[in-house]
Student: 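This is the structure I want to talk about, given as structure tokens.
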Protein chains: 2
Amino acid sequence: MNLNPRPADAAPAAHDRIYRTLRTRIMQGDLSPGQPMTLRGIGRDYGVSMTPAREAVRRLVAEGALTLSSSGRISTPELSNERIEELAALRALIEVELASRALPRAHMALIERLQTINTAVAEAVAHRDAVSYIRTNLEFHRTLYLRAQAPAMLAMAETVWLQLGPTMRALYGKLRKTEPPQFHRLIIAALRAGDEPGLRLAVRSDVTQGLRMLAS
Amino acid sequence: MNLNPRPADAAPAAHDRIYRTLRTRIMQGDLSPGQPMTLRGIGRDYGVSMTPAREAVRRLVAEGALTLSSSGRISTPELSNERIEELAALRALIEVELASRALPRAHMALIERLQTINTAVAEAVAHRDAVSYIRTNLEFHRTLYLRAQAPAMLAMAETVWLQLGPTMRALYGKLRKTEPPQFHRLIIAALRAGDEPGLRLAVRSDVTQGLRMLAS
DNA sequence: GTGTTGCAGGTGTGATCACAAAAATGGCTT
DNA sequence: AAGCCATTTTTGTGATCACACCTGCAACAC
């Protein structure tokens, strides 16, 4: 029985909380590709019944963050190489545009924040912490793209990130590189110089860089 | 081993049927922007309880085909001008890329099919039938983009169409033009000539053409 | 006339149950 | 040992219900 009312400014609906938590975890690579889940298990984890878990899962499936087997079983997606390539191309398309739109609005304060985030990225790379790397890397990009004032485009880019989340975890987890992100510095330099072609090239290079590691 | 997981003649899940039907209707402009709906009403329409209606609505909300008010009420979205502009820019980005990828695989049979569809588009315009125009226009574009062999990109484009569906109905419903689609002919001509820059320009023009009508 | 209040119907949310189908299990035969 | 079949357990689906809240709307006070 629900005796606890829900004021508009207080706790959000349970299904929304589950959705947001799972979405963040998937996007940041907390889950491996092909990891199975169950509605009852999710509900148990969050102390609710299957109903809100079902709604959260349904939303995530619609965004491509989870996949359903032919019998309805839930799991994180295992992407084919063709699909990874496609999603990387989508990232390049959308994120280059977002960066280009953010450029005229990028002031010094933003550039400094990007540099701060970038040191965290470099630290995550040095510690070989795949999850931290993915999280800070996404934060770097999102901080830049927020300046574009294009919420629909940003949502599209986040949907692509979401679909790539588990796969990126698997890729970066196997990787053994320790070099700091070079293209992030190029992005910052192009922002500071107001160089739009350079910015577009730097973003495109940074986005497609991850794809190259797949070929090996 | 599982020899027969899902027979072809077996009925799909109810929530999936509702989802697909509503999605098609929204994408084709069958519903006006801001049109309210209820879970019980949808369930009544399809002869089921609220449960499958809820799951279908949840999926559509996740794709941006429906919006929830702060109190959870369901309605088709009413887009701001800024958002329409953004979605049109996304269409241009993604669909130009799809057309470009489809170009090397476009053989004569495809071009003839596009011409056939285009006559249907012209007929819908002549009859001032907004819903038929939207449906045949989408069929024209989808037929071309299917040749790109890029399902993730096509899904992205369809998500944008979905969000624009009700708004396009409202726009084209008010419109009083009778001229046949000029840019479709340019697209076909560029395909026949193998002219990639011309194709990209024609697709971009066709996609952003609808935006211009909004300014008036 | 205009703004306010109270009430009734409707709405989304979440819990619980029944059911069918799919996996997992365990015992059996070969 | 390895493969196979029957049984049990688990899982998603859909129906139904209780509940809190929102929305209209009518009656009322000023």
Side-chain angles (χ1 to χ4, degrees), chain A residues 1-23 26 31 34-78, chain B residues 1-23 26 31 34-78:
Chain A
M1 249 167 284
N2 186 4
L3 294 179
N4 194 3
R6 183 163 59 83
D9 61 326
H15 69 84
D16 213 61
R17 178 172 52 94
I18 299 174
Y19 163 76
R20 262 196 281 268
T21 307
L22 275 180
R23 181 186 143 101
I26 294 170
L31 302 172
Q35 189 149 118
M37 318 178 65
T38 65
L39 295 180
R40 288 174 177 85
I42 295 171
R44 207 175 306 123
D45 291 347
Y46 290 86
V48 295
S49 76
M50 327 169 27
T51 310
R54 249 202 286 193
E55 309 211 6
V57 166
R58 199 58 70 184
R59 278 179 77 175
L60 292 166
V61 168
E63 296 184 79
L66 295 174
T67 57
L68 296 182
S69 77
S70 59
S71 63
R73 301 299 172 97
I74 308 153
S75 63
T76 48
E78 296 181 280
Chain B
M1 187 175 299
N2 189 356
L3 293 179
N4 201 359
R6 161 99 59 163
D9 58 330
H15 69 86
D16 213 62
R17 178 172 52 96
I18 299 175
Y19 163 76
R20 263 197 281 268
T21 307
L22 275 180
R23 181 186 145 102
I26 293 170
L31 301 171
Q35 189 149 118
M37 318 179 65
T38 65
L39 295 180
R40 289 173 176 85
I42 295 171
R44 208 175 305 121
D45 291 346
Y46 290 86
V48 296
S49 77
M50 323 168 33
T51 309
R54 249 202 286 192
E55 309 210 7
V57 166
R58 198 59 68 184
R59 279 180 75 175
L60 291 165
V61 169
E63 296 185 80
L66 295 174
T67 58
L68 296 183
S69 78
S70 59
S71 64
R73 301 296 174 97
I74 308 153
S75 62
T76 48
E78 296 182 279

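From a predicted model like this one, the values you see are computed outputs, not experimental measurements. Sequence lines set the chain letters: A, B, ... in the order given, protein chains first and strands last, and positions in each chain run from 1.
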Student: Please list, chain by chain and in numerical order, all residues satisfying side chain to side chain donor-acceptor pair (under 3.5 Å) with B/S71, sequence neighbours excluded.
Tutor: B/S69
Student: Could you spell out the base pairing of DNA chain C as a dot-bracket line? Use Watson-Crick and G-U wobble contacts where both distances are under 3.5 Å, [ ] for crossing pairs, | for partners on a different strand.
Tutor: ||||||||||||||||||||||||||||||
Student: Under the side chain to side chain contact (heavy atoms under 4.5 Å, CB included) rule, collect the residues that match up with A/T38, sequence neighbours excluded.
Tutor: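 Scan of A/T38 (side chain to side chain contact (heavy atoms under 4.5 Å, CB included), adjacent residues dropped) gives none.
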Student: Give me, pair by pair, the N or O atoms of the protein and of nucleotides 8-12 of chain C that are less than 3.5 Å apart, along with how far apart they are.
Tutor:
{"unit_1": "C/dG12", "atom_1": "OP1", "unit_2": "B/L39", "atom_2": "N", "d": "3.4"}
{"unit_1": "C/dG12", "atom_1": "OP2", "unit_2": "B/L39", "atom_2": "N", "d": "3.0"}
{"unit_1": "C/dG12", "atom_1": "N7", "unit_2": "B/R40", "atom_2": "NH1", "d": "3.0"}
{"unit_1": "C/dG12", "atom_1": "O6", "unit_2": "B/R40", "atom_2": "NH2", "d": "3.2"}

Student: List in chain and number order the residues that pass side chain to side chain donor-acceptor pair (under 3.5 Å) with A/R44, two or more places apart in sequence or in another chain; answer none if no residue qualifies.
Tutor: none
Student: Of all residues at least two apart in sequence or in a different chain, which pass the side chain to side chain donor-acceptor pair (under 3.5 Å) check with A/D16?
Tutor: A/R20, A/R59
Student: A/S75: which residues meet the side chain to side chain contact (heavy atoms under 4.5 Å, CB included) condition with it, sequence neighbours left out?
Tutor: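 A/S75 satisfies side chain to side chain contact (heavy atoms under 4.5 Å, CB included) with A/T67 only.
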Student: Using distance only, find each side-chain donor-acceptor pair of residues 49-57 of chain B under 3.5 Å and give its atom names and separation, not counting sequence neighbours.
Tutor:
{"unit_1": "B/S49", "atom_1": "OG", "unit_2": "B/T51", "atom_2": "N", "d": "3.3"}
{"unit_1": "B/R54", "atom_1": "NH1", "unit_2": "A/E55", "atom_2": "OE2", "d": "3.0"}
{"unit_1": "B/E55", "atom_1": "OE1", "unit_2": "A/R58", "atom_2": "NE", "d": "2.9"}
{"unit_1": "B/E55", "atom_1": "OE1", "unit_2": "A/R58", "atom_2": "NH2", "d": "2.6"}
{"unit_1": "B/E55", "atom_1": "OE2", "unit_2": "A/R54", "atom_2": "NH1", "d": "3.0"}

Student: Among residues at least two apart in sequence or on other chains, which ones pass side chain to side chain contact (heavy atoms under 4.5 Å, CB included) with B/Q35?
Tutor: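 Side chain to side chain contact (heavy atoms under 4.5 Å, CB included) list for B/Q35, sorted by chain: B/L31, B/S32, B/T76.
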